Amino acid sequence: MSSNRVTKAVIPAAGLGTRFLPATKATPKEMLPVVDRPAIQYVVEEAVDAGLDDVLIITGRNKSSLEDHFDRNPMLERTLFTKNDHDRLASVMAAAELAKVHYVRQGEPRGLGHAVLCADMHVGEEPFAVLLGDDLIDTGNYVLEQMLAVREEFGGSVLCLMEVHESQIHLYGCAAVTPVIGSEAVKVKDLVEKPDTESAPSNLAVIGRYVLDPAVFDVLRNTPPGRGDEIQLTDALKTLAQMPASEGGGVHGVIFKGRRYDTGDKQSYLQATVRLASARGDLGPDFRAWLREFVVSAEFRDD
Ligand code: UTP
């Protein structure tokens, strides 16, 4: 069993984002703004808050806006400095100073499993975290820290699970679990990618946070394309769940109770924008007042 500490976060951001076309024709969906920051900045902040400041972003085509966002922009910084616009200057520099951000290119979007495999040279023989770049969870939620603690205790890999309505389970990977005596974590026995309601082993959906044992790389190399002809991370996790701990196998789950948004989905993106804007100290009061008026207005009603 590999027992090293987790220091690296991998953020896949090379998907085609077809559900958000045409906005994602020339811009990665991870760069769509949620209030005033691209979605992926929240994700990098979450990794850094959990102590992971070595970040590898898996990029696809249109990667330059991502790289520019996490880099310095001397001309813009000089202009803001000259105008004494220190708040905006600080916000621009913060993105560049958040973490040590590295990039690797996924030549073709061959699935999330393939994207994770692109991280093998950077990660090496250490356990690592994976955070999906379009998956936001409410700030102030410590699920990644909990997952890291479960990895320390049990080794192997750790998933983030969320209860969803049975009618929604076909949109997710789904886990069959058993309780672990004396722990809030559960043991993952099996996984099924996007099952029908009838064949789903539970209502526990796998969401976009993972702590993975480096054994996943060899498993992924031997995982044939699955659903949608893509190399599925779920298929590799299913194999890991059945492998012995001595070979880096074993999968646990942490059940997440907070709010989570898939910003690659238009409905969920809009919900994230409204919730996060409402909660902001600077924008929230005016925005909430406007929203209250709007929802009682004639314009808002269906009839
Ligand atoms: P999604 O399945 O949500 O991404 O992948 P997608 O394929 O871009 O979505 P749609 O259905 O076409 O809208 C989850 C995460 O995995 C990344 C995505 O960028 C996203 O962060 N991903 C997916 C890759 O990095 N590479 C891939 O080949 C596929």
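Along the sequence shown, the residues carry numbers beginning at 1. Keep in mind that this is a model prediction, so the values were computed, not measured. First listed ligand is number 1; within each ligand, the first listed atom is number 1.
Lys187 places none of its side-chain heavy atoms less than 4.5 Å from the side chain of Val251. Using a 4.5 Å heavy-atom threshold, the side chains of Leu16 and Thr24 count as separate. At a threshold of 4.5 Å between non-hydrogen side-chain atoms, the residues Arg260 and Asp135 count as touching. Taking the side chain as every heavy atom from C-beta outward, Thr263 and Leu32 never approach each other to under 4.5 Å. Contact of the His102 side chain with the Ile57 side chain is not registered, since no non-hydrogen atoms from C-beta on lie closer than 4.5 Å.
Heavy-atom proximity to Gly133, at under 4.0 Å, picks out these atoms of ligand 1: 21 (O). Below 4.0 Å from some heavy atom of Pro109 lie the following atoms of ligand 1, by number and element: 28 (O). The atoms of ligand 1 that sit less than 4.0 Å from any heavy atom of Ala115 are 24 (C), 25 (O), 26 (N). Using a 4.0 Å cut-off to heavy atoms of Asp134, the atoms of ligand 1 that qualify are 3 (O), 20 (C), 21 (O). Shown in contact with Gln106 at under 4.0 Å from a heavy atom are these atoms of ligand 1, numbered in order with element: 24 (C), 25 (O), 26 (N), 27 (C), 28 (O).
For atom 16 (O) of ligand 1, the closest non-hydrogen atom of the protein is Leu112 CD1, 3.5 Å. If you check which protein heavy atom lies closest to atom 7 (O) of ligand 1, you get Leu16 N, 4.1 Å. When only non-hydrogen protein atoms are considered, atom 28 (O) of ligand 1 lies nearest to Gly111 N, 2.8 Å. Given atom 8 (O) of ligand 1, the protein heavy atom at minimum distance is Gly17 N, 2.7 Å. The protein non-hydrogen atom at the shortest distance from atom 25 (O) of ligand 1 is Ala14 N, 2.9 Å. Summary of contacts: the protein heavy atom closest to atom 2 (O) of ligand 1 is Arg19 NH2, 4.7 Å.
Taking all atoms of both residues into account, the shortest heavy-atom contact from Pro127 to Asn4 is CG-O, 3.1 Å. Taking both residues in full, the closest heavy atoms of Gly226 and Asp235 are given as CA-OD2, 3.9 Å, listed atom of the first, atom of the second, then distance.
Of the heavy atoms in Thr18, both backbone and side-chain atoms come closer than 4.0 Å to ligand 1. Counting heavy atoms under 4.0 Å from ligand 1, residue Lys29 touches it through the side chain alone.
Looking at Gly15, Pro28, Gly113, it is Gly15 that brings a heavy atom closest to atom 24 (C) of ligand 1.
Counting only N and O atoms by type, the side chains of Gln106 and Thr59 include no donor and acceptor under 3.5 Å apart. Looking only at atom types and distance, the side chain of His69 has a donor-acceptor partner in the side chain of Gln41 under 3.5 Å away.
Contact annotation: Ile58 has no heavy atom less than 4.0 Å from any atom of ligand 1. Residue Glu30 places a heavy atom less than 4.0 Å from ligand 1. For the ligand labelled ligand 1, residue Arg110 lies inside the 4.0 Å heavy-atom shell. Within the 4.0 Å heavy-atom cutoff, Gly264 does not count among the residues contacting ligand 1. Using a 4.0 Å cutoff on heavy atoms, Glu108 does not count as a contact of ligand 1.
Within 4.0 Å of atom 13 (O) of ligand 1, at least one protein heavy atom is present.
In this structure, Phe128 has its ring center under 6.0 Å from that of Phe217. Taking the ring centroids of Phe20 and Tyr269, they lie under the 6.0 Å cut-off.
Cation-pi check for Arg209 over Phe256 is not met; the charged atom does not lie both under 6.0 angstrom from the ring centroid and within 45 degrees of its normal.
Distances between N or O atoms of Phe20 and those of ligand 1 include no value under 3.5 Å. Backbone and side-chain nitrogen or oxygen atoms of Pro12 are examined, and one is located within less than 3.5 angstrom of a nitrogen or oxygen of ligand 1.
Using a cutoff of 4.0 Å between basic side-chain nitrogens and carboxylate oxygens, Glu45 and Arg37 are scored as salt-bridged.
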